[in-house]
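Read through the structure below, which is laid out as C-alpha cells, and then see the notes.
It should be emphasised that the depicted structure is a prediction, and the values quoted were computed from it without experimental measurement. In the text below, chain A, chain B and the rest are named by the order of the sequence lines, each starting its count at 1.
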Amino acid sequence: MGPLDHEQPFKTRFQKRLLSYLLDKYERSRSFQSGGASGLRPQFAMKESPFWAEYSDEMDFRKRDWMNEVLLDLERQGVVSLVWDRFREGELLAKVYLEWDGLDDAYRLAGREPKLAKLKRLREILRPLQSHPWEWVRRFWRETDDRLAKRQNPGLALDDPEGYADLVRVLQALPGLDETGVPKRQFSQALFRDSKHFERRVERRLVGLLRAWGEFEMETEEAYLDSVGVVENPSSVWLNGPLTLVLGDRRLETAGFVGGVGLSAATVQKMEVEAVGAQRIVTIENLTSYHQWVQERVGRSELVVYTGGFPHHTLQLFLKKLAAAVARQSPELPVGHWGDVDLGGIRIFQFLKTQFFPRLQPIMMDIPTLEAHRERAVRADDKYVEKALAMRDDPGFAQWGEVLDWIAKSRLRLEQESIVDIPADV
DNA sequence: TGACATTTACCGGGCTGATT
DNA sequence: AATCAGCCCGGTAAATGTCA
C-alpha cells in the first residue's frame with residue numbers, strides 16, 4: 001500500500017471540504033446578502049479551523065503536504081490566496097482566503113449549487129401564490145418573495161424545492177374545495193395520485209404556514225386543516241330543538257328527536273333552513289356541556305347547536321344557512337353562546353359573532369362565573385398570560401377586556417365542563 | 001498607527017426532519 | 001404526539017482586516 005492509494009481520494013475530499021467551508025462562510029456573510037464583494041474576504045485561520053487536526057497530524061505528516069499541494073493548486077487557479085506562517089513559507093499555513101473572482105470555480109470544484117441559485121429557484125416556485133385568492137397567502141408570498149429577493153432565507157428549507165412545489169399545488173387547490181371540506185386522503189389522492197403524500201410531505205408545512213400567517217389562531221392541527229377545508233372525515237352537525245329544513249322536495253322537522261339529531265355533511269350541503277321554531281338559539285362549544293344543557297333544559301323553546309371547538313367547515317356552512325334564515329325571519333331572535341372562559345373560547349365566540357350572529361350574547365362566560373368556579377379553574381403559564389394581555393389590547397376583543405384581565409391576573413382559565421350546575425335563568 | 005467597517009462568536013427562538 | 005438535534009436568523013459584543 002503506497003501513498004498513491006490514498007493521496008488522490010484524500011486530496012479530492014479535502015478540496016471539497018475546504019471550499020465548502022469557505023463557501024458556507026461566504027453564504028452566511030453580509031457580502032453575500034449585499035451582493036457585492038466587500039473588502040473583507042471569507043477567510044479562516046488554519047489553527048482555528050476544523051482542518052487543523054489533520055493538518056497537524058504527527059502520525060501522518062504526508063497529509064499536511066497533500067493539503068498544502070491542494071491549496072497551492074487552488075491559489076494558482078485564483079480561487080484562494082494563502083498566507084504562510086512567518087519563516088515557514090510553503091510549509092505551515094497561517095490563513096486561507098477565498099478570492100472573489102474565484103467564486104464560480106469554488107462552487108464548481110466543491111460540487112455544490114450556489115445559494116443564490118437556490119433562492120432564485122424558490123422564488124420561481126412560489127411565484128404562482130402572487131395571485132392567490134386568499135389575502136393571507138398573498139401576504140405570505142409578498143414578504144417571502146421580498147426576503148428571497150434580498151438574498152435572505154425567510155425560514156424555508158432551501159434544499160427542498162419539490163416540497164415547496166407541492167405546498168404551492170396544495171395552496172392553489174384549497175380555495176376550490178367543496179364547502180363541507182374534503183377528506184385528507186382523498187385530497188391527497190386527487191392532487192398527487194398518492195393518498196399519503198399530503199400527510200407525509202405537505203401537511204406540517206401547511207399547518208406551520210397557517211399558524212404563522214392564517215387569520216385565526218386554533219388549538220389543534222386538525223382545526224387548522226379544517227379551516228382550509230381538509231378534514232379527516234366529513235363531519236356532522238349536532239343540534240337539538242325545532243328547526244324546519246327543506247331538503248330537495250321534502251320538508252323535515254327536527255323537533256321530535258329526543259336528545260338531539262345529527263345532520264350529515266351531505267345533508268347540510270343540500271338543505272335550506274326554512275324556519276326556526278324556537279324562541280332562542282344557543283351554541284355550545286364542548287360535547288359534554290352540550291349534552292348537559294340539552295338534558296337539563298328539556299321543554300324549553302331553544303335550538304341548541306354543538307360547535308365542537310372551533311366551528312368546522314360543515315358547521316360553518318350550517319350556521320351560514322341558519323343565520324340567513326334568522327336574519328330573514330326573526331332578526332330579533334336571541335342568540336347565545338356558551339364556551340370555555342379561556343382564550344380559545346373567546347376566539348370562538350368572536351368568530352361566531354362576527355361571521356354569523358352580530359347580536360350574539362355570551363352565556364356563563366363572565367367574571368361572576370369565573371369567581372364562582374375558581375377552585376375548578378386550570379392554571380395558565382407565562383406564555384398564556386402574555387397572550388391574554390395581547391388579546392386584551394386587540395380592539396377585536398374589546399368586549400372581553402375585563403375577562404382577559406381576570407385571566408391574566410389570576411393566571412387561571414375555566415373550562416366549561418367545570419360548570420356542573422346550569423342555573424335555570426341563564 | 002488609528003479610524004472605521006466588517007466579520008466572527010455567541011445566544012435565544014423558531015422551523016425542519018428524524019426518531020420514538 | 002412528543003422529543004431531539006441541526007440549521008438559520010437577528011441581535012449583541014468583541015475581534016480583526018482595510019485603508020489612509
Gap between atoms OH and C1', on A:Y26 and B:dT6 respectively (whole Å): 15 Å
A:W293 side chain reached by A:Q295 side chain, heavy atoms, under 4.5 Å: no
When the distance from CG of A:L167 to C1' of B:dC15 is rounded to whole Å, what number comes out? 14 Å
Taking CG from A:L209 and C1' from B:dT16, how many angstroms apart are they, rounded to a whole number? 14 Å
Separation of A:L119 atom CG from C:dC9 atom P, in whole Å? 9 Å
Using the side-chain heavy atoms of A:R205, tell me which of these nucleotides is nearest: B:dT16, C:dA1, C:dC9. B:dT16
Quick one: A:Y21 OH to C:dC7 P, roughly how many Å, whole number? 14 Å
Interatomic distance, A:E203 CD vs B:dT16 P [rounded to whole Å]: 13 Å
Once you apply a heavy-atom cut-off of 4.0 Å, does A:R204 come out as touching a base, just sugar-phosphate, or nothing? base
Between A:F44 and A:F51, how do the two ring planes meet: parallel, tilted or perpendicular, split at 30° and 60°? tilted
Measure the distance from CG on A:L210 to P on B:dC15 and round it to the nearest whole Å. 13 Å
Is a side-chain donor or acceptor of A:R376 paired with a backbone partner of A:I419 at a separation under 3.5 angstrom? no
By nearest atom, which of the nucleotides C:dG17, B:dG17, C:dA1 is closest to the A:K95 side chain? C:dG17
Nearest-Å distance for atom pair OH/P, residues A:Y164 and B:dC15: 11 Å
Residues, nucleotides or ligands: over 12 heavy atoms within 6.0 Å of A:W141 CH2: yes
